[in-house]
Amino acid sequence: MATAYVALGANLGDPVATVEAAFAALAGLPETSVAATSALYRTAPVGYADQPEFINAAARLETALEPEALLDALLGIEQAFGRIRAERNGPRTLDLDVLLYADRVLATPRLTLPHPRLHLRAFVLYPLADLAPDLVIPGRGTLAAWLPAVANQGIVRL
């Protein structure tokens, strides 16, 4: 079993209910258990600003799925929640991203680990800090070292 961290986000429909339901969907993945979930956070959109605020969170999983199999399972959950990929950084019913998978560093056409922008985003770092405040991000250093750089990004713990 490997420890993996997944980011959750939603801003269409009832995003709080969606993220909470997505936690339950993660618990239903094969060969996977949800070890912990973060608090929910309200955040401003990044990139495309003309859309509703997001609800974001993170989950720590224990999984026997390999990284790309985990990605496929997450994409299946997104589809089940009605995800349509119409525009980059646009509104979404549910977004699930593999952030970290053990201490693996990986770059394939489908998946980069650690997630290439996780250290730049408050909506990822704050939920991760709930789960593992002493986390080391491979190639980036400690999570705690990156928090001050994103403190001005407008994030509110619910």
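All values derive from a computational prediction rather than experimental measurement.
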Closest contact, heavy atoms only, [X] versus [Y]:
{"X": "Ala10", "Y": "Pro15", "value": "O-CB, 3.3 Å"}
{"X": "Pro127", "Y": "Ala122", "value": "CD-O, 3.7 Å"}
{"X": "Val105", "Y": "Pro114", "value": "CG2-CD, 4.4 Å"}
{"X": "Met1", "Y": "Glu62", "value": "CE-O, 3.4 Å"}
{"X": "Ala4", "Y": "Leu70", "value": "CB-CD2, 3.8 Å"}

Inter-residue atom distance [X].[atom1] - [Y].[atom2], 0.5 Å rounding:
{"X": "His115", "Y": "Leu113", "atom1": "NE2", "atom2": "CG", "value": "9.5 Å"}
{"X": "Leu128", "Y": "Arg60", "atom1": "CG", "atom2": "CZ", "value": "10.5 Å"}
{"X": "Asp134", "Y": "Leu143", "atom1": "CG", "atom2": "CG", "value": "9.0 Å"}
{"X": "Leu61", "Y": "Thr37", "atom1": "CG", "atom2": "OG1", "value": "10.5 Å"}
{"X": "Tyr41", "Y": "Ile55", "atom1": "OH", "atom2": "CD1", "value": "12.0 Å"}
{"X": "Thr142", "Y": "His119", "atom1": "OG1", "atom2": "NE2", "value": "12.5 Å"}

Count I, L, V, M, F, W, Y as connected when their side-chain heavy atoms are under 4.5 Å apart, and connections chain through other members. Are [X] and [Y] then in the same cluster?
{"X": "Leu120", "Y": "Leu135", "answer": "no"}
{"X": "Val6", "Y": "Val136", "answer": "no"}
{"X": "Phe123", "Y": "Val156", "answer": "no"}
{"X": "Phe23", "Y": "Leu65", "answer": "yes"}

Evaluate the side-chain proximity of [Y] to [X]: yes if any heavy-atom separation is below 4.5 Å, no if none is.
{"X": "Leu29", "Y": "Thr63", "answer": "no"}
{"X": "Phe54", "Y": "Asp95", "answer": "no"}
{"X": "Leu40", "Y": "Glu20", "answer": "yes"}
{"X": "Asn56", "Y": "Tyr126", "answer": "no"}
{"X": "Val98", "Y": "Pro67", "answer": "no"}
{"X": "Asn11", "Y": "Arg92", "answer": "yes"}
{"X": "Leu118", "Y": "Leu100", "answer": "yes"}

Is the backbone N or O of [Y] less than 3.5 Å from a side-chain atom of [X], with the two atoms forming a donor-acceptor pair by type?
{"X": "Asp130", "Y": "Ala39", "result": "yes"}
{"X": "Trp146", "Y": "Arg140", "result": "yes"}
{"X": "Thr18", "Y": "Val16", "result": "no"}

Donor + acceptor pair across side chains of Thr43, Glu53 (<3.5 Å):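 There is no such pair (donor and acceptor under 3.5 Å, judged by atom type) between the side chains of Thr43 and Glu53.
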Could you go step by step and tell me if Leu96 and Phe81 meet the side chain to side chain contact (heavy atoms under 4.5 Å, CB included) rule? CA-CA 11 Å; Leu96 300 172; Phe81 279 78; over 6 Å; no
Please report the C-alpha distance between Leu12 and Leu94 in whole Å, then the side-chain angles of each, then the deciding distance to 0.1 Å, and finally whether the side chain to side chain contact (heavy atoms under 4.5 Å, CB included) criterion is met. CA-CA 8 Å; Leu12 295 177; Leu94 180 64; over 6 Å; no
I would like to know whether Leu26 and Leu8 meet side chain to side chain contact (heavy atoms under 4.5 Å, CB included); could you show each step before the answer? CA-CA 10 Å; Leu26 290 172; Leu8 300 87; 4.1 Å; yes
Side chain to side chain contact (heavy atoms under 4.5 Å, CB included) between Ile155 and Gln153, intermediate numbers included: CA-CA 6 Å; Ile155 184 166; Gln153 290 183 7; 5.9 Å; no
